[in-house]
Amino acid sequence: MAQPETSNPNASVFALFEESAAAHPQRPFLIVNGIELLTYGEMLQQTGRAATWLRSLGVEVGDRVVVQAHKSPASVILYLACLRAGAIFIPLNTTYQESELGYFLGDAEPRLLVASAGLPGETVAFGATRVLLSSDLRAAPWADVAEILPTVPAVTQDPAAILYTSGTTGRSKGAVLTHGNLSSNVQVLAKSWHWQDNDVLLHALPIFHAHGLFVALHLALFGASPILFHDRFDNAAVLRDLPRATVFMGVPTFYTRLLSEPTFDKELCAKMRLFISGSAPLLDTTFEEFAERTGHTILERYGMTEALMVTSNPYDGPRIAGSVGPSLPGISVRIIADGGMEAATGEPGVLEMKGPNMFSGYWRNPEKTAEDHTADGWFISGDIATKDEAGYIRIVGRSKDLIISGGYNVYPKEVEMVIDGIDGVEESAVIGVPHPDFGEGVVAVVARAPGSNITPADIAAVVSTELAAFKRPKTSIIVDELPRNAMGKVQKAELRNLHKDLFAKTPA
Ligand code: MLC
Ligand code: AMP
């Protein structure tokens, strides 16, 4: 395909997209329910008008724009307009509750908050400008703006977005991603995955996380490829559009859900070139069943919010079940074993990484940034990995206390802090156990306070207002006390083992 010039001295990631779009202005950009809503040429116009509108609200280069909005053509244009105008885009999960949003707004100090009506962003206390965004592009607040703002040039280190990611202490940190991070990663992925001039992407991921925003959306923009745009993952809708697509990206839950459909077969995938999985471990059984049913081997890759995409199974070489492949070109990984030395082949250790993909640090948090890097500048991922002779990485565990449910990260500490604040609770331990649909399901083991009659329903009532739906325990188990070791530390491994079959019979 006609790849855009990569020697462009303007490192703005939007400038890359602009170049591709300008070469193919008539190509469809977003296709919704079979209707071509916008061409690439119209995308350029809309983003230019939306960027002018941002300026009219006082959003200048380097200002933060926080967005809690439904996935829609309008929210895609808003994102691209922020890149174009040099503003820093901060997307938030649409299921975050008001109590969770308050923290992000205080930390990010945005100039502008954009929310969809009906989401907590509409009502959360906020002192600066707030705008409601309709999902209908024709009703966009920039619809009547005539002036097209030229793309603001950016250098590699300029921040483009901040993505909040929770931590083991229960406090979220904003990972600052630069224009250089985003443009280097999309270019390396387009090359590694052999992006084609005639590719059509089926996009069903949320766009408030790295996977849907920086991997899926960016690759299509870089290639000026049509996007079959779904506002959420829905089996029936995906099956309808698959025969028109060539590339699909998803978390493992997408693949297990597709496999649960008896009509999902080779014929539906006849045009498909590539299925990609990431954000959580893909089970060998899913990989194998998928290959049997469709004739396609899912290409699994590994990444993180702070690092974007780091490793990938090869496009041409063997794609190995249970492995996330070697590091991508230009990105270095190493595995540090217990003693602090690099691990031998096959020996597990903490995965560390370095490269142009790496975020510039946590927003206004140099201490945490320093804590998560080694003295010689490697980022400490907290994932436990092994490497084989061919350089293929396997993620075999985590040193961080983290649950990944349906591709969303849940930090037990954050959930425990909410539960521990409930009257009648002595303490709690939140764990992840195997779940047939979400990979891991969140479970709270709650020790009642002496004399308390607290029930799982009491816990559910509180978490339903304090925590986003995906973080809420699917089950709470009330006990008299939590198991502890001789040092007094709660034995989460024992709890995970005790409750490992809790969801075994839950239908997918
Ligand atoms: C929804 N629910 C979840 C959940 N998603 N619970 C646990 N884990 C999840 N992931 C809740 C719903 O609120 C609902 O609760 C109940 O579970 C059933 O909902 P559903 O209708 O079945 O869920 P659905 O809307 O279909 O969403 C499931 C999903 C979605 C898998 C489609 O979670 C999703 O799109 N996940 C993708 C996450 C993602 O993009 N991650 C990338 C992170 S970036 P109730 O109480 O109402 O019954 C990253 C870097 C990298 O990690 O490497 O990519
Ligand atoms: P996030 O902070 O949401 O970006 O999540 C990043 C984490 O997701 C990583 O640190 C891993 O633990 C996990 N992850 C991403 N991709 C994979 C994968 N292919 N296999 C296993 N874990 C993964």
Side-chain angles (χ1 to χ4, degrees), residues 71 91 93-96 163-168 172-173 175 177 185 189 203-217 230-238 249-258 260 276-283 287 298-313 321-325 350-351 353 357 359 372 379-385 393-411 415 432 435 437-443 460 463-464 467-474 503 506-508:
K71 180 181 176 185
N93 192 311
T94 47
T95 65
Y96 284 159
L163 264 61
Y164 277 92
T165 131
S166 290
T168 41
S172 286
K173 313 148 290 177
L177 280 319
N185 215 234
L189 291 177
H203 193 302
L205 286 156
I207 53 168
F208 43 68
H209 277 309
H211 195 164
L213 191 63
F214 301 141
V215 187
L217 187 67
H230 292 217
D231 58 7
R232 58 183 290 275
F233 178 85
D234 172 72
N235 259 359
V238 168
M249 298 181 200
V251 298
T253 300
F254 287 14
Y255 291 108
T256 50
R257 286 190 179 185
L258 285 174
S260 73
I276 299 166
S277 177
S279 308
L282 182 75
L283 294 179
F287 178 91
I298 299 174
L299 184 153
E300 186 173 8
R301 57 55 178 182
Y302 159 86
M304 282 186 82
T305 301
E306 289 92 333
L308 305 174
M309 297 306 103
V310 179
T311 75
S312 171
N313 271 284
S323 162
V324 293
V350 176
L351 188 66
M353 52 201 70
N357 55 316
F359 75 132
D372 284 356
F379 177 70
I380 307 164
S381 71
D383 288 309
I384 308 287
I393 304 288
R394 276 174 191 268
I395 307 296
V396 296
R398 296 173 205 137
S399 63
K400 50 194 173 189
D401 192 12
L402 162 71
I403 300 166
I404 304 184
S405 172
Y408 287 141
N409 289 3
V410 181
Y411 280 86
V415 184
H435 190 285
D437 187 27
F438 294 125
E440 287 182 278
V442 177
V443 174
V463 296
S464 71
L467 292 171
F470 70 91
K471 298 179 192 168
R472 298 173 200 156
K474 301 282 177 217
F503 299 119
T506 310

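Counting convention: from 1, in listed order, for ligands and their atoms alike.
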Among [options], closest by any non-hydrogen atom to [atom]:
atom: atom 42 (C) of ligand 1; options: S279, G212, G250; answer: S279
atom: atom 10 (O) of ligand 2; options: L163, D383, V251; answer: D383
atom: atom 14 (N) of ligand 2; options: G278, S277, S279; answer: S279
atom: atom 34 (C) of ligand 1; options: Y302, F208, F438, Y408; answer: Y408

- Query: Hey, does P206 sit under 4.0 Å from ligand 1 if you only count heavy atoms?
  - Reply: yes
- Answer with yes or no whether K471 contacts ligand 1, where contact means a heavy atom under 4.0 Å from a ligand atom.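 K471 does not count as a contact of ligand 1 under the 4.0 Å cut-off.
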- Task: Number the atoms of ligand 1 from 1 as they appear, then name those within less than 4.0 Å of a heavy atom of A469, with their elements.
- Result: 13 (O)
- Per-atom filter on ligand 1: closer than 4.0 angstrom to a heavy atom of G303 are 53 (O)
For [atom], state whether the nearest protein heavy atom is under 4.0 Å away.
atom: atom 47 (O) of ligand 1; result: no
atom: atom 53 (O) of ligand 1; result: yes
atom: atom 7 (C) of ligand 1; result: yes
atom: atom 26 (O) of ligand 1; result: yes

- May I ask you to identify the nearest protein heavy atom to atom 16 (C) of ligand 1, giving residue, atom name and distance to one decimal place in Å?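 Sorting protein heavy atoms by distance from atom 16 (C) of ligand 1 puts K474 NZ, 4.2 Å first.
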- In the protein, which heavy atom is nearest to atom 13 (C) of ligand 2, and how far is it? I404 CD1, 3.4 Å
- Take every heavy atom of P281, measure it against each atom of ligand 2, and state whether any distance is under 4.0 Å.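 The answer is yes, since P281 has a heavy atom less than 4.0 Å from ligand 2.
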- Query: With a 4.0 Å cut-off on heavy atoms, does S381 reach ligand 2?
  - Reply: no
- Query: Angle class for the H435/F503 ring planes (parallel below 30°, perpendicular above 60°, tilted otherwise)?
  - Reply: tilted
- Message: Between F438 and F470, is the ring centroid distance below 6.0 Å?
- Response: no
